[in-house]
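Note: hydrogens, waters and symmetry copies are ignored here, and every other heavy atom, side chains too, is used. Labels below follow one simple rule: chain letters A, B, ... track the order of the sequence lines, proteins then strands, and each chain is numbered from 1.
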Amino acid sequence: MATSSAVNLLLRAAVASCHRLPSTFRGVARLGSPGRFFHASAPARLSSEDKITVHFITRDGDKLTAQGKVGDSLLDVVVNNNLDIDGFGACEGTLACSTCHLIFEEDVFKKLDAITDEELDMLDLAYGLTETSRLGCQICLQRSLNNMVVRVPESSADVRQSVDIGKNP
Amino acid sequence: MGRSGGIMRWKRMSAFRFLVPSGSPTGIKRLLSTDGLIPRICIVGSGPAGFYTAQHLLKHHRLAQVDVYEKLPVPFGLVRFGVAPDHPEVKNVINTFTQTARSDRCSYYGNVTVGKDITVKELQKAYHAVILSYGAEDNRTLGIPGEDLAGVYTARAFVGWYNGLPENRDLKPDLSSETAVVLGHGNVALDVARILLSPLEILRKTDITEDSLAILARSKVKRVCLVGRRGPLQVAFTIKELREMINLPNARPFLDPTDFKGLGDVVKDAPRPRRRLTELMAKTALGEPGEEVAGRWASASREWSLKFLRSPLEVLPATDGKRARGIRMAVTRLQGSGEMAKAVPTGEVEDLLCGLILSSIGYRSLPIDPALPFDSKQGIIPNNLGRVLGAPGLYCSGWVKRGAVGVILTTMNDSFDTAQFVLEDLQSGALDVSKAKEGSELVRSILQSRGIHPVSFSDWEKIDAAEVARGKLAGKPREKIVDPQEMLELISH
């Protein structure tokens, strides 16, 4: 759809910067209006070198490959690329839920920025928590993460069969 | 405005993700050619369970028409009336729910009480499937003498009051006691304690109601003691809420070191959430606070504490026989260990003097229609993975399905599960859509004959705009309208 891709382009410009929350922001965050952390900074000049590629392995085992800019969070990547992951990012990156839980490969996990207590607190409530789990909204893309593979965890204890009506059986 | 424009677009787009059916063209063709009938599905309740169920159905079925019915004029259930006013970020889920409600295939009907204005049977006549997602509108009671004395409130009513729930708007709790006791060790107990102890300048910038602010401004409460029947290893609150209490400005935690000695070793191999939660309590109780924290606690004028192994026996009356003067508690010990440990009385009794008692021992669902099966012991609708037992075409999701536990994420997953089973039943033919149903057309005519005027989603958006405008004047995100009549007048019903 033409309109949708036009909106999407605008979006890429709007959600340009990573909204990772330093723990010192939290006092403010509690009082903030929804969405205050989505800075609409000026779009950076994009060259192919600025793009970081991320591969998401979905709950169904499909591989979704998308790109983002250095400084984008993994939540930005999912939203900007319109990736189909059910329920991802419910609190819109404000560290108030754990729906953007992702599982990393060990060597990638070691390269990620340090984790705050507040992120750990929310991760504690995540389904399928692992030793290499993080919240996507708190992970900012950096060059060393190019081509990383991240896994979307199972969402619940039940094994939910994927039925999609309108999709091939 | 450029900045907020960007934010709006982000939200809109992020919500589109949920609603655009992701299907290959061949699959769609196949579906249209074989079973082109529109499944009409209705959802009872517009809280997170209702909206997440609707979202999943709309996203994964390209024809389904989903209508959401709500008792109150306004939508979103506990996101509006349960989530604490100082947790605005949790309410961001409303943006996604709003996009769901704006979908061409979704309609919202507020101000309709299912079980009173229209029966479940009538809904079943109008729809192929009815999903009950009406939550838990009742609370467990203590069942002890003195529970009805003045000064004793349920946390449920207290939360409803400060969040502007119409039925609790006149609660006007008496906060003239310096000591408050909260019975319960869950997140609602911590929410209530935090609202009682938070500095007014923090609450003033939230969407807490004007009336609550005025009463909290005159509050004399200095100490809040949270009492639990079991021990520190059995608390039900989560670490985020505990950390907020510990970091609360102008309030000092008082955790008895003897309650926590040696617990670090006990939880070494416990699952991570329990381990980290216990370690944070133990560190607060036993550790030396840094200079800054020590200074903050020393100058704090308010205090909160956790009291373990006490089970309420009786609310003690003041000499007038009308007001609460304190609470008598049985000292307990644990039988067994871990999550399943039971509290048994030791025979010892302890009194705690306080003029304000808030019981926060859990919510429970109610049966809304005599035609519905209901398990009154567990306070849920008997179901197998969301399919109501012995009632084809009836489903449930959220708290009415599994009891009043868990955070929004739990309800989200649980609602997606129920929606998925509805889709499976549609696909297998267990849910028969071969006969067309009238859906909301039929319901509207029934409601009209009974003089009921449903509130539409665009009506709600008018109420929403009015609330936001009123809030702006007071420097708040919104000023909630607490009188349903006023809401209806606003949209000229």
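Using a 4.5 Å cut-off between heavy atoms, B/Val90 contacts chain A through both its backbone and its side chain.
Salt-bridge annotation for B/Arg276 and A/Asp121: present, with a side-chain N of the basic residue lying under 4.0 Å from a carboxylate O of the acidic one. Ion pairing between B/Lys240 and A/Asp124 fails under the 4.0 Å rule for side-chain N and carboxylate O.
Enclosure of atom CG in B/Asp104 is not indicated, since only 12 or fewer non-hydrogen atoms of other residues, nucleotides or ligands lie within 6.0 angstrom. Counting non-hydrogen atoms of neighbouring residues, nucleotides and ligands closer than 6.0 angstrom, the NZ atom of B/Lys472 reaches no more than 12 such neighbours.
Between chain A and the options B/Asp207, B/Leu242, B/Val93, B/Ile94, the largest number of non-hydrogen pairs under 4.5 Å is found for B/Val93.
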Checking A/Asp86 against B/His60 for the side-chain contact (heavy atoms from CB on, under 4.5 Å) test, could you report, in this order, the C-alpha distance in whole Å, the side-chain angles of both residues, the deciding distance, and whether it holds?
CA-CA 10 Å; A/Asp86 275 339; B/His60 295 276; 3.2 Å; yes

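Looking at B/Glu89 and A/Leu95, their side chains never come closer than 4.5 Å, going by heavy atoms from C-beta outward. Proximity of A/Cys97 to B/Leu409: side-chain heavy atoms (C-beta onward) are nowhere separated by under 4.5 Å. By the 4.5 Å heavy-atom criterion applied to side chains, B/Arg272 and A/Leu120 are counted as neighbours.
A/Leu123 contributes atom CG, which lies 11.5 Å from atom CD1 of B/Ile239 (distance to the nearest 0.5 angstrom). To the nearest 0.5 angstrom, B/Asn247 atom CG is 7.5 Å from A/Glu118 atom CD.
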